Amino acid sequence: IRRPPRSTPKPSSAASDVYKRQGEETLVVKVLYPGSFDPVHNGHMEICATASRMFDHVVVAAMRNPQKSSPLFSDEERIEMLTEACAHLSNVEVVQFGELVVDLAQRLEVDFIVKGLRSPADFESELQMAQTNKSVSGVETLFLPSSSENSFIASKYIRDITQFGTDCSHLVPESIAERLREKMPK
């Protein structure tokens, strides 16, 4: 994969982004996977695992989306859950942020933003966001489709189901299931 040109030139001292693999120069491709992850679910984990296989370094960034309803989990809990769920992926780093995704992408010097797609409706809204992000920052977005067994999962539904006391632990990683059970009404 070739690194796209950056809107701001990278300092020449950043040779750490290039390393040798069997005698040839190879770029390290770093991507950003942003989301609210409230809670992280199997669809999120599928995208994390896919990105982990495709790219050298994946930064999973959790934020509180002010356009979404009240969070089920605090910012700190979501970071803990993502860290637990991604522990088996050695090239994944989890961070928290409270700025525009494009500002974070530029600050972290990522090559691409990665977004998961569940349906054509996701594509329509994510495409508009990707085009806006590229317009204001030059950062490209790559779309990864989820498999059909995960395409219906949404954090909103998991929050709703949990708050009404119904178990949906089969939709989340095992490490998250116990936390969901603790949030269920007694």
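Everything numeric in this text was worked out from a predicted model, so none of it was measured. Residue numbers count from 1 along this sequence.
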Could you work out, with side-chain contact (heavy atoms from CB on, under 4.5 Å) as the rule, every residue matching Ser125, not counting sequence neighbours? none
Minimal non-hydrogen separation, Arg78 against Met63, with atom names: NH1-O, 3.0 Å
Picking from Asn42, Asp38, Val40, Val172, what satisfies side chain to side chain contact (heavy atoms under 4.5 Å, CB included) with Ile158? Val172
Which pairs pass salt bridge (charged side-chain N to carboxylate O under 4.0 Å, His left out) with one or both residues in residues 92-105, sequence neighbours excluded? Glu99-Arg107
Could you see if Leu144 belongs to whatever hydrophobic cluster contains Val94? Use Ile, Leu, Val, Met, Phe, Trp, Tyr and a side-chain cutoff under 4.5 Å. yes
Does Leu180 form a side chain to side chain contact (heavy atoms under 4.5 Å, CB included) with Phe73? I'd like the steps, not just the answer. CA-CA 9 Å; Leu180 281 176; Phe73 293 98; 3.9 Å; yes
I'd like to check Arg181 versus Ser169 (side-chain heavy atoms, cut-off strictly below 4.5 Å). Are they in contact? yes
Would Met129 and Leu127 show up in the same hydrophobic cluster when neighbours are defined by side-chain heavy atoms closer than 4.5 Å? no
So does Gln128 have more than 12 non-hydrogen atoms from other groups sitting under 6.0 Å from CD? no
Just how far is it from atom OH of Tyr157 to atom CG of Leu171, taken to the nearest 0.5 Å? 12.5 Å
Phe152 side, atom CZ; Arg118 side, atom CZ - distance, nearest 0.5 Å: 11.0 Å
Hey, could you give me the OG/NZ distance between Ser36 and Lys156, rounded to the nearest 0.5 Å? 12.5 Å
Closest approach of Leu89 and Met45, non-hydrogen atoms and distance? CD1-CE, 4.4 Å
When rounded to the nearest 0.5 angstrom, what distance separates CE in Met54 from CG in Asn91? 12.5 Å
Looking at every non-hydrogen atom in both residues, tell me the closest pair between Gly116 and Tyr33 and how far apart they are. N-CE1, 4.3 Å
Considering non-hydrogen atoms only, spot the tightest contact between Ser146 and Ser151 and give its length. OG-CA, 3.5 Å
Rounded distance (nearest 0.5 Å) linking atom SG of Cys86 with atom CZ of Phe37: 8.0 Å
Closest contact, heavy atoms only, Val92 versus Ser52: CG2-CB, 4.1 Å
Counting only N and O atoms by type, is there a donor-acceptor contact under 3.5 Å from the side chain of Thr162 to the main-chain atoms of Met184? no
Out of curiosity, does Val139 fall in the hydrophobic cluster containing Leu108 (side-chain heavy atoms, cut-off under 4.5 Å, transitive links)? yes
Go through the steps for Leu142 and Phe55 under the test side chain to side chain contact (heavy atoms under 4.5 Å, CB included), then give the verdict. CA-CA 12 Å; Leu142 301 176; Phe55 305 107; 3.6 Å; yes
Ignoring hydrogens, what is the shortest heavy-atom contact between Ile79 and Val95? Give both atom names and the distance. CD1-O, 3.4 Å
For the residue pair His41 and His44, categorise the inter-ring angle as parallel (less than 30°), tilted (30 to 60°) or perpendicular (more than 60°). parallel
Are Arg159 and Pro39 close enough that some pair of their side-chain heavy atoms sits under 4.5 Å apart? yes
Do you reckon Ile47 sits in the same ILVMFWY cluster as Phe123, going by side-chain contacts under 4.5 Å, direct or chained? no
Rounded to the nearest 0.5 Å, what separation is found between the CD atom of Glu77 and the CD atom of Glu182? 8.5 Å
Within the distance-only criterion (no hydrogens, no angle test), does the side chain of Asp56 pair as donor or acceptor with the backbone N or O of Lys30 below 3.5 angstrom? no
Flag for Glu46-Ser147: side-chain donor and acceptor within less than 3.5 Å: yes
Test of understanding: clusters of I, L, V, M, F, W, Y form through side-chain heavy atoms closer than 4.5 Å, transitively. Do Leu72 and Ile153 belong to the same one? yes
Lys115 side chain vs Glu126 backbone, donor-acceptor pair below 3.5 Å: no
Please assess Leu32 against Val59 for the test side chain to side chain contact (heavy atoms under 4.5 Å, CB included), listing each intermediate value before the final yes or no. CA-CA 5 Å; Leu32 173 65; Val59 179; 4.0 Å; yes
Taking the side chain as C-beta and beyond, is there a heavy-atom pair between Lys183 and Gln163 under 4.5 Å? no
